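Accompanying notes for the structure given below.
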Amino acid sequence: MSAVNEIILAEPRGFCAGVDRAIEIVERAIAKFGAPIYVRHEIVHNTYVVNELKAKGAIFIEELDEVPPGATLVFSAHGVSKAVEAEARARGFSIFDATCPLVTKVHVEVAKLAREGFEFIMIGHKGHPEVEGTMGQLSSGIHLVEDVKDVARVQPGQTEKLAVVTQTTLSVDDAADIAAAVRARFPSVREPKQQDICYATQNRQDAVKVLSPQVDIVIVVGSPTSSNSNRLRELAQRLGTESYMVDSADELKAQWFEGKTRVGLTAGASAPEVLVKEVIERIRALGAVSVRKMSGIEETIKFPLPKGLKLEGQKHPGHIS
Ligand code: SF4
């Protein structure tokens with residue numbers, strides 16, 4: 001039986017600028033205002049990140065009535081509906097918004113077009129907090145489609161002013177198929193000038209497309225709740241490469257690697273590099289002798305922090321990475 005002899009690392013992988021910023025907002029809020037800091041929903045969909053922040057003094061909640069009066073509250077990277085935002089303000093919390101600026105961009109576009117009389121078809125996954133936040137920018141006139149079949153069923157109130165928006169972390173290929181079905185049914189539909197699917201999602205999926213044919217198995221580091229991580233695993237599988245997603249090295253199973261010589265490794269946008277390193281060590285123990293980085297796009301994008309979170313004399317607090 002052949003043993004694993006090479007690990008190829010996808011490039012880029014792991015943390016995106018929106019996740020980096022969201023984690024830094026919570027860390028800085030704790031450093032500046034002291035624990036506890038309340039966070040609505042998991043700041044990003046990663047178990048390790050959430051547990052590290054809990055240990056530093058973050059309390060994660062789903063409902064605003066779990067937050068005591070006068071507390072500091074952070075909205076997660078996925079964004080919130082207008083109703084949640086209004087309720088949080090009415091309750092008088094001190095709020096820091098860690099919504100990824102690329103999600104906020106979609107919210108702004110929805111609000112702008114709604115003022116011009118548009119209705120929307122949103123391509124996304126039901127129940128995902130980003131979808132709830134984006135759909136919740138309006139009280140009506142925004143219709144969710146999850147797949148091509150939904151497109152045939154959707155019933156907008158009018159079709160002259162109809163626009164498409166998408167969740168930022170979808171499968172690029174699936175979203176294109178669904179958007180094509182929307183276009184076929186509603187030829188005058190307005191599509192975003194720039195794709196709503198974000199650069200990080202696109203780049204990580206592009207990297208898996210290059211990686212998959214070179215390896216016998218793809219391991220994706222990511223939590224089950226992470227949309228973009230799940231899409232990476234599905235993509236590798238669809239490309240014909242056996243693929244598994246793990247939340248940590250402990251979830252790796254020796255039998256997955258039986259008869260495999262080359263392992264591809266990537267990580268979702270919310271999965272920290274420390275977990276990738278642990279996975280590398282565990283696979284190395286199975287016989288992998290070399291670790292090679294695939295060549296790929298270098299991401300340099302960085303988003304500014306909200307006002308009020310700059311620390312005196314401290315440029316960058318201790319960071320999970
Ligand atoms: S995956 Fe994209 S939309 Fe989500 S936080 Fe990262 S950059 Fe922002």
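Nothing fancy with the numbering, it's 1 onward along the sequence. For ligands, and for the atoms within them, numbers begin at 1 and follow the listed sequence. Keep in mind that what you see is a predicted model, and the values were worked out from it rather than measured.
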Checklist line | Heavy atom of the protein closest to atom 6 (Fe) of ligand 1 (residue, atom name, distance) | finding: Cys16 SG, 2.2 Å
Notebook entry, point to check: Got the closest protein heavy atom to atom 3 (S) of ligand 1, with its distance?
Noted result: Thr168 OG1, 3.3 Å
Next item on the list: Evaluate the ring planes of His128 and His78, with Trp represented by its six-membered ring, and classify them as parallel (under 30°), tilted (30 to 60°) or perpendicular (over 60°).
Entry: perpendicular
Check: Should we count CD of Glu62 as having more than 12 external heavy atoms under 6.0 Å?
Finding: yes
Check: Considering the options Arg21, Lys56, Lys32, which one meets the salt bridge (charged side-chain N to carboxylate O under 4.0 Å, His left out) requirement together with Glu27?
Finding: Lys56
Item checked: Top protein contact for atom 8 (Fe) of ligand 1, by heavy-atom distance -> Cys100 SG, 2.3 Å
Next item on the list: Considering non-hydrogen atoms only, spot the tightest contact between Ala71 and Tyr38 and give its length.
Entry: CB-CD1, 3.8 Å
Notebook entry, point to check: With a cut-off of 4.0 Å, which atoms of ligand 1 are near a heavy atom of Tyr199?
Noted result: 7 (S)
Check: Does Cys198 bring an N, O or S atom to within less than 2.8 Å of atom 6 (Fe) of ligand 1?
Finding: no
Next item on the list: Take Ser171 and Glu234 through the test side chain to side chain donor-acceptor pair (under 3.5 Å) and record every step on the way to the result.
Entry: CA-CA 9 Å; Ser171 151; Glu234 284 169 10; 5.9 Å; no
